[in-house]
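Here is how names work: the chains are called A, B, and so on, in the same order as the sequence lines, proteins then strands, and each is numbered from 1.
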Amino acid sequence: MKKTFIAMALAGTALSGSAQAADLRMSWWGGDSRHAATQEALKVCGEKHGHTIQPEFTGWSGHFEKVATQIAGKTEADIMQINWPWLPIFSKNGDGFADLYELSDTIDLSNWTEDQLAAGTRNGKLNGLPLSTTGRIFVFNKTMYDKAGLELPQTWDDLKAAGPVFAEKLGEEYYPFEGIGLDASLIMQAYVTQKTGTPFIDPTTNEVTWSKEDIVDGITFYQSLVDNHVIQPWGDVAAAGNIALHENPKWSRGEIAGTLQWDSTYFKISDPLAEGMELDYVGMLSQDGEKTEGIYRKASMVFSISANTDEPEAAAQIVNCMLNEPEGIAAMGTARGVPASAAALSQLSEADAFQPMQLKAQEQVLNATGPAISPFMEDQDVRGAIEDSLELFAYGEISAEEAAEEMLYGIQEFLDDL
Amino acid sequence: MGGDSKYVGLWYVAPYVIGLALFIAFPFLASFYLSFTDYDLLSKPEYVGLDNYKKLFTRDRTFDKSLKVTLIYVFTTVPLKLVFALFIAVVLNYRLKAINLFRTAYYVPSILGGSVAIAVLWRYIFADTGLVNMAIIALGGEGINWFGDPENALFTITLLRCWQFGSAMVIFLAALQSVDKSLYEAAAIDGAGPWQIFRSITLPLITPVIFFNLIMQTVQAFQEFNGPYIITQGGPLKSTYLLPLYIYDEAFKSFDMGYASAIAWVLFAIIMVLTLIAFWSSKKWVYYAGDKRS
């Protein structure tokens, strides 16, 4: 009897497989609503599949450094929310994360298009499942434009014309738009991409496609926005210290009435607005003779599984549950924007889970034209080369030509090191 | 003591020694080795000889700028802070009413000062629409661009560090209280005024403590990180981009741990040289009671 019992116990253990009652960890960044939704999804999916998942969540600031340190020490969580531009940093040859194609028996990959899966693939290995597609589009404080007696801009010229009207009708402290740092860089990039039809760095060849003259043109255009009272001068914005747009009281009060923002940040930028103020998305502003609308669009973030996890099957079950199974989808909701997974999109649409403005913004992002962007555009060195040069120009330390040369030099140096 | 008990002491110090070896000595030596490598944290370090140091001293303009900013910061912050701490310590050395309350109140910023929350608070106080500008405008002045003007930004970080004068102040206060009162009485009988007494008796007798505070505050100032990271992110125009920020960015944002280690070792060398100079000069100005050289 005793032997039979031991044999049964051993057989039970052997049959249980690798996905039985695993202890997992999952890390992500986000705001309170995303934290709450994800924890609920982990609870629901954990109970469904018999696993326990310890959540590790932070705000955006410092999350990259945290993940980098964990991956370097091989102590990263089993499941990670990874920013799409980080994939080539953490997984140069595709081995930095588990290959999700190998887990396709557990994760239903048919919910993503080939293009979407390609965005998460490195060297033929599926390193991350895109959670949504996001893009930078123009969003304006409609209430303030109404007060100024203006329609929302559709072209760059409309925007330029709005500056003096804001100053005259609302006061010198009111600006129809904003942009320093990364935002200034993206304004310049949108303008030049529309003119040239190409991105700054070609993602297929890793080569710079713009000439010095193209960049000078973009910088000069940026300055024209400052000169026309469209954008507050760099130094005046910096006077508030290192502060995000949604934390800036000038945004809340409507003194800044427009921005080029990720569509997925709708709640983040609309929540702080003073009561009664409304935002509206207009897609991309246009210019005469443009070759493309020039949208900066990418997979917003991906779910990846650690290359070092002892429980890849269990982790895959949880990922699949959160993205493709009804219980997980319901719990996750729209905390990560309009989902890329077809199953999630369908279920949430039927449940009327989206705000009309969220859907409008997402539609504009998906419909706008623009060349594929390089993930290296968000690398620290590339960003630094562009933003530092723009800042020097904005403070009058260097000319537009010198700024363009600095950008090209810095980016080329980075690309040469690849 | 029994035969085995001679090892008891080793057991007592073992936790500290192990901690020192694991968390200080090993990273210290490892970073020295890494400074001669190309190491991106994710793959194995690759030996590159002196390449990192060559780049640092020949073609890294950011390092030049950051080093200059760091030296300006240290050479303004440390003297300001020491003078202020000594001044407050002298005031708190008098027998005032509710003196313990004042002592506590002045020490509190030191406990809070290094925290992220205080740096955030500082950002709000000195913002263009912050408390300081509101006060200036209320007094009829014009608001100052504290963070957006490269000429002012470093000064606001300096002020934050100076505000954390409490620990230096407490040490000064202890030193002031240990000065022999009979010396003051003798000086007073000889007709010396307060300033003369302070300059000729107090100051010489507390030079060992001034020296101690000078070394400690200098080392701390070279390692300043929280203030500029939270308040300005090193801007504008890298006017607050202290070397620790540069090390952090290179290590954890640019993934160049080898280069970051090289910068860290240059920073260490600078601190060491300045400390040695301070020790060397101390023979000429630090007075140790009972020291035959004095």
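- For a residue to count as touching a neighbouring chain, one of its non-hydrogen atoms must lie under 4.5 Å from one of that chain's; by this rule F90(A) touches chain B with backbone and side chain alike.
- Atom NZ of K268(A) sits in a sparse spot, with 12 or fewer heavy atoms from other residues, nucleotides or ligands closer than 6.0 Å.
- In this structure, the ring of H229(A) has its center less than 6.0 angstrom from the ring center of Y175(A).
- Between the T156(B) side chain and the A153(B) main chain, a donor and an acceptor come within less than 3.5 Å of each other.
- For the set A251(B), G235(B), A127(B), the count of heavy-atom pairs under 4.5 angstrom toward chain A peaks at A127(B).
- Between F165(B) and F84(B), a ring centre-to-centre spacing shorter than 6.0 Å is recorded.
- With a 4.5 Å cut-off on non-hydrogen atoms, K250(A) touches chain B through its side chain but not through its backbone.
- For F126(B), the part sitting under 4.5 Å from any heavy atom of chain A is the backbone (N, CA, C, O) and nothing else.
- Proximity to chain A involves both the backbone and the side chain of L41(B), based on heavy atoms less than 4.5 angstrom apart.
- Within the 4.5 angstrom heavy-atom criterion, only side-chain atoms of D388(A), from C-beta onward, approach chain B.
- Taking the centre of each ring, W29(A) and W86(A) come in below the 6.0 Å mark.
- Within the 4.5 angstrom heavy-atom criterion, atoms from both the backbone and the side chain of S254(B) approach chain A.
- Neither the backbone nor the side chain of K74(A) comes within less than 4.5 Å of any heavy atom of chain B.
- Counted within 6.0 Å of CZ on F155(B), heavy atoms from surrounding residues, nucleotides or ligands total 12 or fewer; the atom is thus considered open.
- For D40(B), the part sitting under 4.5 Å from any heavy atom of chain A is the side chain, from C-beta outward, and nothing else.
- Heavy-atom distances place the backbone of I230(B), and not its side chain, under 4.5 Å from chain A.
- For K44(B) and Y39(B), the positive end is not near the middle of the six-membered ring at less than 6.0 Å and at most 45° from its axis.
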